[in-house]
Protein chains: 2
Amino acid sequence: MTTKHTVKNKGEQQLELPRYFPYKLSVLNTVVSQSIAQLYLGRFNLSRQEWRIIAALGIQRSMSAKELVAYTSLEKMQVSRAIARLRNDDMLYQQEDSNDRRYHLLSLTEKGKITYRKIVPLALAREEFILSALTEEEQEQLLSLMEKVHDKADELQQWG
Amino acid sequence: MTTKHTVKNKGEQQLELPRYFPYKLSVLNTVVSQSIAQLYLGRFNLSRQEWRIIAALGIQRSMSAKELVAYTSLEKMQVSRAIARLRNDDMLYQQEDSNDRRYHLLSLTEKGKITYRKIVPLALAREEFILSALTEEEQEQLLSLMEKVHDKADELQQWG
DNA sequence: TATTGTTATACTCTATAACTATA
DNA sequence: TATAGTTATAGAGTATAACAATA
């Protein structure tokens, strides 16, 4: 793909936004994530952070805030605040870990579980609709390619 | 991929964040876009909006604010504000369109062009590094798959 | 002294919409 | 009345870092 970005005379390089991979990825992510956000924001009045935490605890039973940070790719501050809001809305509750009282084990309340059970089928249906653009084989290809790109980008970010 | 998300007994559906496509896409986008943002933010002190506008005008010579909205996938308000900041920094200048004075044609100043020429090779190098995770063929596959997914997600968003 | 988690602060980004000017 | 672009405003999100509690 050496001619993907036009190379003008004198070897001057051009960057065409509509063909620039990070731009395309960003635009795609915006469209996809907004189509999901319509659900948790519009219909359930949850922030992205709250939605991720509910999704995490819905399947994992209980986690500490630190584990949630790792599992949801959110910052510890975002997690801390989302937890506070969700507790305030009676969606989850805390227990102290008896071994190490710095850990607060978080679990969904019955209300949180009900929300989880309502939102999950809708979220999965949206994913399924979006991925119906691809065959099963293409879906696997896409995920595999994304993973490779992810690893390389990680490398880049670490080097600054 | 019918077993991708675990289906528990009683047909209750589960959603595993690490396997959920919109989540994976979002995480990938975060990593990739941050690796580019290190450039325009860290080294050139440009916002994402400013960077996109410079990239647009660097190759397109001159555009109106409305055209920039379409070209950069930014909101007209973001464009308006980024233009104000860039004009203030003497990176671009406005001319009124003689036919329709509502249109302001925007172009890079010499300073803007110098910035563009400095940043573009670095931005392209980062893209190239990231995509070096893939063969040429895989790159084309990835872009093609992303486009299909994009179209479907567009559909979904329009239906709400 | 290190770790888990919370809070303070200031800053930026965003969304909605009102507004100006041109047509 | 419609369009291009700007400005106002308030709310949400973000980053840095200080802080408390526990180990």
Side-chain angles (χ1 to χ4, degrees), chain A residues 26-27 29-31 33-34 37-38 40-42 44-53 56-57 62-89 92-107 157 160, chain B residues 26-27 29-31 33-34 37-38 40-42 44-53 56-57 62-89 92-107 157 160:
Chain A
S26 164
V27 172
N29 178 57
T30 299
V31 175
S33 67
Q34 277 183 4
Q38 285 176 335
Y40 55 72
L41 260 174
F44 293 86
N45 200 31
L46 296 170
S47 70
R48 190 178 60 117
Q49 290 80 356
E50 289 160 357
W51 149 242
R52 283 197 185 171
I53 286 171
L57 296 179
S62 70
M63 296 171 97
S64 71
K66 192 187 180 189
E67 288 170 309
L68 280 170
V69 167
Y71 191 85
T72 60
S73 304
L74 299 170
E75 306 283 314
K76 71 171 183 172
M77 215 190 14
Q78 295 181 306
V79 167
S80 174
R81 284 175 183 158
I83 287 170
R85 287 192 297 269
L86 287 170
R87 287 180 70 190
N88 200 53
D89 288 350
L92 54 79
Y93 64 96
Q94 276 188 350
Q95 294 170 287
E96 279 186 353
D97 186 313
S98 46
N99 296 329
D100 185 338
R101 281 159 55 224
R102 287 176 304 184
Y103 284 87
H104 297 170
L105 282 179
L106 299 152
S107 318
Q157 226 191 344
Chain B
S26 164
V27 172
N29 178 58
T30 299
V31 175
S33 66
Q34 277 183 5
Q38 285 176 335
Y40 55 72
L41 261 174
F44 293 87
N45 201 30
L46 296 169
S47 72
R48 189 179 60 119
Q49 289 82 354
E50 290 160 355
W51 149 241
R52 284 197 185 170
I53 286 171
L57 296 178
S62 70
M63 297 170 99
S64 70
K66 192 186 180 189
E67 289 170 308
L68 280 171
V69 167
Y71 191 85
T72 60
S73 305
L74 299 170
E75 306 283 314
K76 71 170 180 172
M77 215 190 14
Q78 295 180 307
V79 167
S80 174
R81 285 177 182 155
I83 287 170
R85 285 191 299 270
L86 287 169
R87 287 179 71 191
N88 200 54
D89 288 349
L92 54 79
Y93 65 95
Q94 276 187 349
Q95 293 169 289
E96 279 185 352
D97 186 314
S98 46
N99 297 326
D100 186 337
R101 281 161 55 226
R102 288 176 304 183
Y103 285 86
H104 298 168
L105 282 179
L106 299 153
S107 318
Q157 224 190 347

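All values reported here derive from a predicted model rather than from experimental measurement. Chain identifiers are assigned alphabetically (A, B, ...) following the order of the sequence lines, protein sequences preceding nucleic acid strands; residue numbering begins at 1 within each chain.
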Candidate nucleotides [options], ranked by approach to the side chain of [X] - the nearest:
X     : options              : result
B/R48 : C/dT4, C/dT14, D/dA4 : C/dT14
A/Q49 : D/dG13, C/dG5, D/dT9 : D/dG13
B/R81 : D/dT9, C/dG5, C/dT7  : D/dT9

Whether [X] contacts [N] is assessed here as follows: a side-chain N or O lying under 4.0 Å from the phosphate OP1 or OP2. Is that the case?
X      : N      : value
A/R102 : C/dT3  : no
A/Q94  : C/dT6  : yes
A/Q78  : D/dA12 : no

To the nearest Å, how far apart are [X] [atom1] and [N] [atom2]?
X      : N      : atom1 : atom2 : result
B/R85  : D/dT6  : CZ    : P     : 12 Å
A/N45  : D/dA12 : CG    : P     : 9 Å
A/L41  : C/dT14 : CG    : P     : 14 Å
A/M77  : C/dT3  : CE    : C1'   : 18 Å
A/D97  : D/dA21 : CG    : C1'   : 15 Å
B/N99  : C/dT22 : CG    : C1'   : 14 Å
A/Q95  : C/dG5  : CD    : C1'   : 17 Å
B/D100 : C/dT20 : CG    : P     : 20 Å

Among A/Q94, A/K66, A/Q95, whose side chain to side chain contact (heavy atoms under 4.5 Å, CB included) with A/H104 holds?
A/Q94
Side-chain donor or acceptor of A/T30 paired with backbone N/O of A/S26 under 3.5 Å:
yes
Looking at CD of B/E67 and OG1 of B/T72, how far apart are the two atoms once the value is rounded to the nearest 0.5 Å?
11.5 Å
5' precedence on DNA chain D between A/K76 and A/R101 (nearest-nucleotide basis)
A/K76
Pairwise 5' ranking along DNA chain D for B/L105 and A/E96, keeping only the more 5' one
B/L105
Determine whether B/R85 and B/E50 make a side-chain contact, defined as any pair of heavy atoms from C-beta on separated by less than 4.5 Å.
yes
Quick one, A/I53 and A/L106 - any side-chain contact, counting heavy atoms below 4.5 Å?
no
